Amino acid sequence: MIFRILLISSFVFLAGAGCRDRPIDFDPDDTLEAKVSGNAALAHVSALVALGARPSGSEELEQSRHYIEQQLSEFGWDVIREPFSAKTPEGEFEFENVRARFGTVKWDQKVTGLLCTHFDTKPFESFEFVGANDGGSSTGLLIELARVLSERPEVARRLELVFFDGEEAFGPNITPTDGLYGSRHYAGEWLTKKASLRPDWGVLIDMVGDHDLKIRAGVRIPRSRIQDLAKSDETGYAVDIVEVEASVNEMSKQLRSAAKDLGFQAEVGVSPDYIVDDHVPLNVSAGIPTIDLIDFDYPYWHTPGDTLDKISADSLEITGRVTLLLVEKYLLP
């Protein structure tokens, strides 16, 4: 709920982009989604969990960054860090996002879409929170998706992968001044770019490893805030929240179509509720329509029980397959 962010950008998104000529043909007999390995994703989750708790600012989170960098580099991705500082309830704090583009794609070149996750775990003093699902599952899966995408460079070059630091709040819950630090900073950076250079869409992945997978994607933008969000500053520019909302709604339909194509309607749907996660800054601050693939029906959330035995390779594979089919069949123009 970071709705106090100043919005100064304009935004253009063509919901009908699928009607344009497709420079990348979708071949139903040779899909990226079919190459996703849930076991490979689970191996990455296991490696991260073995590091222990990984809150922002910890040596264990730094080791996580090294792991992400090493794995993605081996798959041919150019990886950079995005360091920044932010005010927190614990004072000024240093964070570092991790970003990746494929091959020789330049960092000032436009990409079509974003695949995102957070890789930090929530800090607790009373117990060690290893975040196998919350932070671990989506990070491990995104590393596996980086491998799969590298097998089709013409698709990989259209995307940027982002691992957000500081998603977790220092206090009990995310508030306008606590939590979502990495995505807020990242979204703010896009405000310095022309709207024509910003990505057209984003897909955020979070908590997708539960054995009993029930993803209910976060797509709603709180309408009570639209007037405040749409206000422009002295430059006259503002995010068109209504247009962003329309684009996100179209993406939610495409998500359901991708799940139906693969027979995963029971596992993947759309939430009727508002979900506060890293997709919110991308939508309301940068004007990049982004959906959040999340299974929030998880009894071990923010408890000592969020451990590796709660994570399913099948769930990771289902999420990865639906994500890549959504991208390659429905979202890439």
Side-chain angles (χ1 to χ4, degrees), residues 1-18 112-118 138 162 164 166-167 169 173-191 193 195 198-208 215-233 237-259 268-297 323 326-327 330-331:
M1 298 179 184
I2 40 62
F3 302 116
R4 295 179 187 176
I5 294 176
L6 181 63
L7 305 175
I8 58 172
S9 67
S10 61
F11 171 67
V12 177
F13 180 82
L14 300 178
T112 305
L114 306 173
L115 295 180
C116 314
T117 181
H118 78 94
S138 53
V162 192
F164 293 125
E167 186 266 358
N173 298 301
I174 294 172
T175 72
T177 58
D178 191 13
L180 307 184
Y181 296 104
S183 55
R184 284 192 281 174
H185 174 81
Y186 181 77
E189 288 296 294
W190 281 113
L191 298 182
K193 309 292 184 182
R198 297 174 199 151
D200 294 334
W201 49 263
V203 177
L204 173 69
I205 309 170
D206 190 7
M207 294 176 60
V208 293
I215 289 175
R216 296 299 178 259
V219 301
R220 298 186 67 190
I221 299 174
R223 295 201 59 85
S224 62
R225 297 285 188 166
I226 283 181
Q227 284 187 333
D228 292 337
L229 293 170
K231 286 181 179 178
S232 61
D233 70 352
Y237 294 103
V239 168
D240 187 338
I241 297 299
V242 175
E243 188 169 8
V244 172
E245 185 179 50
S247 298
V248 169
N249 287 339
E250 179 63 23
M251 289 177 67
S252 72
K253 296 176 184 177
Q254 294 169 326
L255 173 67
R256 285 189 288 250
S257 295
V268 181
V270 174
S271 174
D273 302 317
Y274 302 123
I275 296 175
V276 180
D277 206 346
D278 283 318
H279 65 302
V280 175
L282 294 175
N283 279 306
V284 305
S285 181
I288 301 171
T290 304
I291 61 174
D292 179 16
L293 305 188
I294 186 170
D295 178 359
F296 207 64
D297 183 15
T323 299
L326 172 65
V327 168
Y330 294 98
L331 293 179

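Keep in mind that this is a model prediction, so the values were computed, not measured.
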Contact summary for [X] and [Y], nearest pair of heavy atoms:
X      : Y      : result
Leu114 : Pro199 : CD2-CG, 3.6 Å
Arg198 : Leu191 : NH2-O, 3.8 Å
Tyr330 : Gln254 : O-NE2, 3.4 Å

Taking side chain to side chain donor-acceptor pair (under 3.5 Å) as the test, write out the residues that go with [X], two or more places apart.
X      : answer
Thr323 : none
Thr290 : none
Asp206 : His118

Is a side-chain donor or acceptor of [X] paired with a backbone partner of [Y] at a separation under 3.5 angstrom?
X      : Y      : value
Arg184 : Gly179 : yes
Asp277 : His279 : no
Trp201 : Leu331 : yes
Asp178 : Ile174 : no

- prompt: Is there side-chain contact between Ile294 and Val208, with heavy atoms separated by less than 4.5 Å?
  reply: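 A side-chain contact is absent here, since even the closest heavy-atom pair is not under 4.5 Å.
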task: Please name all residues satisfying side chain to side chain contact (heavy atoms under 4.5 Å, CB included) with Ser271, sequence neighbours left out, ordered by chain then number.
output: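 Side chain to side chain contact (heavy atoms under 4.5 Å, CB included) list for Ser271, sorted by chain: Arg216, Asp273, Ile275.
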task: For Ala217, enumerate each residue passing the side chain to side chain contact (heavy atoms under 4.5 Å, CB included) test, keeping only those at least two apart in sequence or located in another chain.
output: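 Residues passing side chain to side chain contact (heavy atoms under 4.5 Å, CB included) with Ala217: Val219, Leu255, Leu293.
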